[in-house]
Undergrad: 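Please read through the structure below; I'll follow up with questions.
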Amino acid sequence: QVQLVESGGGLVQAGGSLRLSCAASGRTFSSYAMGWFRQAPHKEREFVAAVSWRPSITRYADPVKGRFTISRDNTKNTVYLQMNSLKPEDTGVYYCAADLANRGNSWEADYDYWGQGTQVTVSS
């Protein structure tokens, strides 16, 4: 069993930055991949970024490449999503998820555990 708790969301103006955190507990954090997904109002949830464990490979959705950075601190059992140059279309609920098979893919079905989400709102 894995518990995930996101934090760091909020309201920011376009062009601003936010850093999301996801604290994990329950199993050995360093052995599985972590991903971030988001869901905008009236839209389906979509992949944002993922990071695997050994090898440490990162993957990003095209709309966030060059603006978002995913990282992990295994000593703190935490994964981060640094979001820069935010746009109104980045608005949504952001979820972190754990992939126990360490695939780090963009498919929701590969992820076994999910957090409750944190709201990010970018104003124009």
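Reckoned from all heavy atoms, side chains included, excluding hydrogens, waters and symmetry mates.
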Undergrad: Got a salt bridge between K87 and D90, using NZ or NE/NH1/NH2 to carboxylate O under 4.0 Å?
TA: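 No, no charged N to carboxylate O under 4.0 Å.
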Undergrad: Within the distance-only criterion (no hydrogens, no angle test), does the side chain of R103 pair as donor or acceptor with the backbone N or O of D110 below 3.5 angstrom?
TA: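 Yes: the side chain of R103 pairs with the backbone of D110.
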Undergrad: Given T91, which partner from the list V122, V12, L11 fulfils the side chain to side chain contact (heavy atoms under 4.5 Å, CB included) test?
TA: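 Per the side chain to side chain contact (heavy atoms under 4.5 Å, CB included) rule, the option paired with T91 is V122, out of V122, V12, L11.
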Undergrad: Please determine whether side chain to side chain contact (heavy atoms under 4.5 Å, CB included) holds for the pair M83 and R19, giving the CA-CA distance in whole Å, both sets of side-chain angles, and the decisive distance to 0.1 Å.
TA: CA-CA 6 Å; M83 306 186 295; R19 189 177 80 156; over 6 Å; no
Undergrad: In chain order, what residues pass the side-chain contact (heavy atoms from CB on, under 4.5 Å) check against S7, with sequence neighbours excluded?
TA: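 Listed in chain order: S21.
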Undergrad: According to side chain to side chain donor-acceptor pair (under 3.5 Å), who are the partners of T58, at least two apart in sequence or on a separate chain?
TA: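 Once residues adjacent in sequence are excluded, T58 has no partner under the side chain to side chain donor-acceptor pair (under 3.5 Å) criterion.
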Undergrad: State plainly whether one hydrophobic cluster holds both V2 and W36, where clusters connect Ile, Leu, Val, Met, Phe, Trp and Tyr through side-chain heavy atoms under 4.5 angstrom apart.
TA: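 In one cluster with V2: W36, yes.
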Undergrad: Excluding sequence neighbours, so at least two apart, what forms side chain to side chain donor-acceptor pair (under 3.5 Å) with S25?
TA: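 S25 satisfies side chain to side chain donor-acceptor pair (under 3.5 Å) with Q3 only.
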Undergrad: Could you tabulate the donor-acceptor pairs under 3.5 Å formed by side-chain atoms of residues 114-121, not counting sequence neighbours?
TA:
unit_1 : atom_1 : unit_2 : atom_2 : d
T118   : OG1    : G9     : N      : 3.2
Q119   : NE2    : G92    : O      : 3.4
Q119   : NE2    : T121   : OG1    : 3.3

Undergrad: Report the distance from atom CZ of R67 to atom OG of S85, rounding to the nearest 0.5 Å.
TA: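 Atom-to-atom, R67:CZ and S85:OG are 7.0 Å apart.
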Undergrad: Specify the closest pair of heavy atoms between S124 and A14, including all atoms of both residues, with the distance to one decimal.
TA: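 Nearest pair, atom of S124 first, then A14: CA-CB, 4.4 Å.
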Undergrad: Any donor-acceptor pair under 3.5 Å linking the side chain of Y111 with the backbone of N105?
TA: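 Looks like yes, one N/O pair under 3.5 Å.
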Undergrad: Please report the closest heavy-atom contact between R59 and F47, naming both atoms and the distance.
TA: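 Minimum heavy-atom separation between R59 and F47: O-CZ, 3.6 Å.
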Undergrad: In a check of side chain to side chain contact (heavy atoms under 4.5 Å, CB included) between M34 and each of N102, D99, L4, which one passes?
TA: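 That would be L4.
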Undergrad: Just by distance, do the side chain of Y95 and the backbone of E6 share a donor-acceptor pair under 3.5 Å?
TA: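 Not a single qualifying donor-acceptor pair exists.
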Undergrad: Would you mind listing every disulfide bond (SG atoms under 2.5 Å apart) that reaches into residues 74-124, with sequence neighbours excluded?
TA: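 The answer is C22-C96.
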Undergrad: If you compare all heavy atoms of S106 against all heavy atoms of F37, which two are closest, and at what distance to 0.1 Å?
TA: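 Heavy atoms of S106 and F37 come nearest at O-CE2, 3.7 Å.
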Undergrad: Evaluate the side-chain proximity of E46 to Q39: yes if any heavy-atom separation is below 4.5 Å, no if none is.
TA: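 No, too far: nothing below the 4.5 Å cut-off.
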Undergrad: If you take all heavy atoms of Y60 and A49, which pair is closest and at what distance?
TA: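 Looking at all heavy atoms of both residues, the shortest contact is CD2-CB, 3.6 Å.
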Undergrad: Strictly by disulfide bond (SG atoms under 2.5 Å apart), give each pair with a member in residues 43-94 just once, sequence neighbours left out.
TA: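 Checked against disulfide bond (SG atoms under 2.5 Å apart) - neighbours excluded - no pair reaches residues 43-94.
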Undergrad: Could you go step by step and tell me if S17 and N84 meet the side chain to side chain donor-acceptor pair (under 3.5 Å) rule?
TA: CA-CA 4 Å; S17 298; N84 299 328; 2.9 Å; yes
Undergrad: As an exercise, state the distance from CG of L20 to CZ of R38, rounded to the nearest 0.5 Å.
TA: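 Between L20 CG and R38 CZ, I get 11.0 Å after rounding to 0.5 Å.
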Undergrad: Yes or no on side chain to side chain contact (heavy atoms under 4.5 Å, CB included) for T69 and Y80, after CA distance, side-chain angles and deciding distance?
TA: CA-CA 8 Å; T69 302; Y80 303 98; over 6 Å; no
Undergrad: Are any side-chain N or O atoms of D73 and backbone N or O atoms of T78, one a donor and one an acceptor, separated by less than 3.5 Å?
TA: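 No: the side chain of D73 does not pair with the backbone of T78.
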Undergrad: Quick one: CG on L81 to OH on Y94, what's the gap to the nearest 0.5 Å?
TA: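 It is 7.5 Å, given to the nearest 0.5 Å.
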